[in-house]
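See structure below.
The analysis underlying the following values was restricted to heavy atoms, covering all of them including side chains, and did not include hydrogens, waters or symmetry mates. To find a chain, count down the sequence lines: A is the first, B the second, and so on, and within it residues start at 1.
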There are 4 protein chains.
Amino acid sequence: METPKPPERKPRSDAARNRERLLAAAKLVFARTGPGASLDAVVREAGLGIGTLYRHFPTREALYEAVYRRDIEQLVTLGADASAARDPVAALRDWLHAMIDVVATKKGMIAAFALAADTTSAISARSTGAVTQALDRLLARAVAAGRVRSDIDGTELLLAVVGMCMLRDQPGWQASVTRLIDTLVDGLEVRRTGAP
Amino acid sequence: METPKPPERKPRSDAARNRERLLAAAKLVFARTGPGASLDAVVREAGLGIGTLYRHFPTREALYEAVYRRDIEQLVTLGADASAARDPVAALRDWLHAMIDVVATKKGMIAAFALAADTTSAISARSTGAVTQALDRLLARAVAAGRVRSDIDGTELLLAVVGMCMLRDQPGWQASVTRLIDTLVDGLEVRRTGAP
Amino acid sequence: METPKPPERKPRSDAARNRERLLAAAKLVFARTGPGASLDAVVREAGLGIGTLYRHFPTREALYEAVYRRDIEQLVTLGADASAARDPVAALRDWLHAMIDVVATKKGMIAAFALAADTTSAISARSTGAVTQALDRLLARAVAAGRVRSDIDGTELLLAVVGMCMLRDQPGWQASVTRLIDTLVDGLEVRRTGAP
Amino acid sequence: METPKPPERKPRSDAARNRERLLAAAKLVFARTGPGASLDAVVREAGLGIGTLYRHFPTREALYEAVYRRDIEQLVTLGADASAARDPVAALRDWLHAMIDVVATKKGMIAAFALAADTTSAISARSTGAVTQALDRLLARAVAAGRVRSDIDGTELLLAVVGMCMLRDQPGWQASVTRLIDTLVDGLEVRRTGAP
DNA sequence: GATGAATGAGACTTCATTCAT
DNA sequence: GATGAATGAAGTCTCATTCAT
């Protein structure tokens with residue numbers, strides 16, 4: 001990325017390169033072993049020292065966040081787009097489905113979402129907080145359209161999805177969670193009485 | 001090798017007493033530190049040897065189950081009673097509220113419910129399986145009365161509650177979870193169209 | 001576990017029966033897991049209490065000895081017979097082969113022989129000492145016939161066989177040990193000079 | 001958690017020094033207690049943490065090998081020298097005597113030789129495998145000279161020595177084993193008929 | 001900045017042995 | 001005599017985290 005050829009000099013302690021290597025390694029290892037994988041396994045994969053990992057990511061959580069930030073940003077963008085174009089309830093539903101899909105695909109990801117759902121965490125405010133905001137926006141639109149109730153907020157909805165996805169060990173979990181979330185959205189919808 | 005505590009005599013071969021001591025200690029320690037507390041801390045609290053713990057409870061899961069079995073049985077009994085006496089949807093709702101209350105009170109308990117929710121676990125079939133059955137029964141009654149949909153089963157409902165309760169770190173979590181579960185039950189309810 | 005039918009008198013605390021049960025169980029377990037098997041496994045197999053095992057056989061060695069005493073006695077008898085009937089060197093060789101066969105067949109047996117080979121052990125003097133004596137007798141006959149050297153005694157020969165058989169983990173060990181023992185016997189034989 | 005020994009400072013990242021300390025401690029402890037000594041005893045002796053031991057020597061076997069590697073290398077060198085200079089049978093005999101002497105001196109050593117004798121062990125191939133090769137070389141020379149039979153190989157000879165030395169508890173064992181090995185070598189020697 | 005050695009807590013487990021009932 | 005609960009030492013191994021170089 002940066003000046004590739006200093007006269008040879010010490011290969012320049014390229015911190016950025018190491019950071020990337022660590023992220024790539026972590027993504028791989030988390031996907032393989034899940035969150036809670038040994039940090040040693042990550043640095044082994046990256047071919048770097050454990051100290052370097054700690055310098056870049058002082059906590060395991062910081063690593064989670066960095067690893068999945070891009071995925072989360074994509075998801076958020078998706079939410080924004082959907083929000084603009086579709087029926088508000090369908091948009092909300094679709095976006096929640098997308099979240100479940102992401103968790104199903106990226107094994108370590110749930111940890112990042114758990115961070116996002118943790119309002120206590122100082123770190124959550126940063127990139128992951130965007131997820132909550134995206135949900136809030138989707139909800140707000142649906143509420144404004146008089147389509148869903150207003151007593152559940154984005155943080156809570158996130159809590160629901162993340163919690164259910166944490167127990168993803170049994171076979172068929174994705175179908176179950178999807179059904180549950182659909183039911184939850186049904187519950188959110190304002191009931192239209194049939195009478196004139 | 002030699003009994004280091006001459007003061008309190010070798011009490012008696014009273015296995016039952018020790019078992020109780022272990023359960024009490026475990027309850028305390030789990031409540032203090034959460035599940036995942038050191039088993040060593042448990043025996044230290046109980047004033048017994050680690051071997052004794054292993055004799056009575058060969059796995060951590062067996063200990064969870066035993067520690068919370070009574071609570072779970074009470075909950076199940078409560079479900080049966082409620083089931084007999086009340087409006088089926090209200091009974092279901094109340095029982096889910098009771099579950100949340102139990103988790104709110106007993107910090108380590110969620111681990112026992114997680115076991116119950118884990119259909120993979122061999123141990124779950126035993127006492128904890130009763131929770132699923134209780135839910136199934138409550139659901140069945142409501143379905144039979146034409147009040148709720150039939151596409152969600154007890155296992156899934158348990159998954160929802162347990163999952164949400166796993167993220168109980170933030171303040172106000174109980175209110176949030178209760179609200180979410182209420183919404184979920186709303187979603188389960190069959191919508192009655194006003195006119196033929 | 002406790003006498004289920006008090007009406008028909010206590011079934012007589014048949015110590016002898018228990019002893020037999022323990023021996024049978026131990027034989028089985030040693031054969032399955034080798035010496036060093038857990039004594040608990042033995043009593044589990046026997047359906048008795050660990051205390052009972054300790055009453056009958058205060059040490060693991062005592063158990064070895066009792067379990068294999070009969071086998072050893074048979075072997076000793078075999079030695080006596082062979083000794084009477086055959087060429088002394090062939091008799092010695094055959095008997096050593098028989099020992100190896102026994103070890104090959106009965107996995108836990110080597111421990112009993114090790115006891116026999118251990119001149120230090122107080123217990124060895126008893127039944128297992130007979131093995132040494134049998135070897136001494138076979139050697140003595142061959143020495144008397146001027147067929148083998150007199151500087152190796154039965155204890156040492158036993159040491160050789162037992163030691164080699166202790167490393168019986170690699171495939172083909174029996175053939176190797178047999179070859180080695182044959183070579184050893186060759187070395188014992190007095191060389192006959194070619195002169196008339 | 002906190003450095004409990006302020007007196008001796010955090011010495012240096014000198015891994016080599018610690019490695020040496022561990023080897024020295026292990027040598028001492030094995031000599032005192034035999035192989036199978038507690039690894040904890042080793043680190044206690046070395047004044048280091050158990051983790052450090054595991055970092056340097058991931059398995060007990062790796063430790064054996066490292067502790068005795070130098071001794072084994074010396075022995076192997078000795079074999080090479082002897083092989084070049086002397087009567088092949090005498091060279092073989094002397095080398096076997098040297099092996100017995102080494103075992104007699106270093107109590108834990110037999111474990112390292114047992115590794116060498118274990119053709120199954122992956123680790124044996126490394127430095128300890130050299131022992132087998134040395135024996136093979138000595139044998140080959142004697143065979144080539146028409147002095148010994150060719151049906152016993154180095155692995156088997158090693159098995160014989162190691163096996164016999166495993167039972168080194170009785171007094172006078174070294175003399176017995178030496179005598180046995182001498183007899184074995186005698187058995188290996190080709191018998192020369194007296195007349196042309 | 002980078003490194004990785006050091007550390008020790010602690011998880012989990014197995015057993016031999018004792019001894020109260 | 002029989003029982004088996006109790007005990008705790010010991011052993012295995014894994015990690016997160018610190019810090020000297």
Establish, with yes or no, whether the OP1 or OP2 oxygen of [N] is under 4.0 angstrom from a side-chain nitrogen or oxygen of [X].
| X | N | result |
| --- | --- | --- |
| D:Ser38 | F:dG11 | yes |
| A:Asn18 | E:dA2 | yes |
| A:His56 | E:dG1 | no |

Heavy-atom check, side chain of B:Tyr54 versus side chain of B:Leu39, under 4.5 Å:
yes
I'd like to check B:Leu63 versus B:Leu53 (side-chain heavy atoms, cut-off strictly below 4.5 Å). Are they in contact?
yes
Starting at [atom1] of [X] and ending at [atom2] of [N], how long is that distance when rounded to a whole Å?
| X | N | atom1 | atom2 | result |
| --- | --- | --- | --- | --- |
| D:Leu48 | E:dG8 | CG | C1' | 12 Å |
| C:Arg44 | E:dT14 | CZ | P | 10 Å |
| B:Arg17 | F:dT7 | CZ | P | 12 Å |
| A:Asp14 | E:dT3 | CG | P | 11 Å |
| C:Leu63 | E:dT17 | CG | C1' | 15 Å |

Taking for each residue the nucleotide of DNA chain F bearing the nearest heavy atom, is the 5' side occupied by C:Gly49 or by D:Arg60?
C:Gly49
For D:Gly36 and B:Leu53, take the nucleotide of DNA chain F holding the closest heavy atom to each; which residue's nucleotide lies nearer the 5' end?
B:Leu53
With nearest nucleotides of DNA chain E determined for D:Gly51 and B:Ala37 from heavy-atom distances, which residue corresponds to the more 5′ nucleotide?
D:Gly51
Start at the 5' end of DNA chain E and walk down; is the nucleotide closest to B:Leu39 or to D:Arg19 reached first?
D:Arg19
Just by distance, do the side chain of B:Arg168 and the backbone of B:Val103 share a donor-acceptor pair under 3.5 Å?
yes
Sidechain-backbone polar pair: B:Thr33 side chain, B:Val29 backbone, donor-acceptor under 3.5 Å
yes
With a 3.5 angstrom cut-off on both distances, give the Watson-Crick or G-U wobble partner of F:dG8, or none if there isn't one.
E:dC15
Does the structure show a Watson-Crick or G-U wobble partner for F:dT3, both distances under 3.5 Å? Name it, or say none.
E:dA20
Give the intermediate values and the outcome of side chain to side chain contact (heavy atoms under 4.5 Å, CB included) for residues C:Arg32 and C:Lys107.
CA-CA 7 Å; C:Arg32 205 191 290 138; C:Lys107 205 176 168 197; over 6 Å; no
Closest to the B:Tyr54 side chain: E:dG1, E:dC12, F:dA6?
E:dC12
Closest approach to the side chain of D:Ile50, judged atom by atom: which nucleotide of E:dT13, E:dG1, F:dT14 is it?
F:dT14
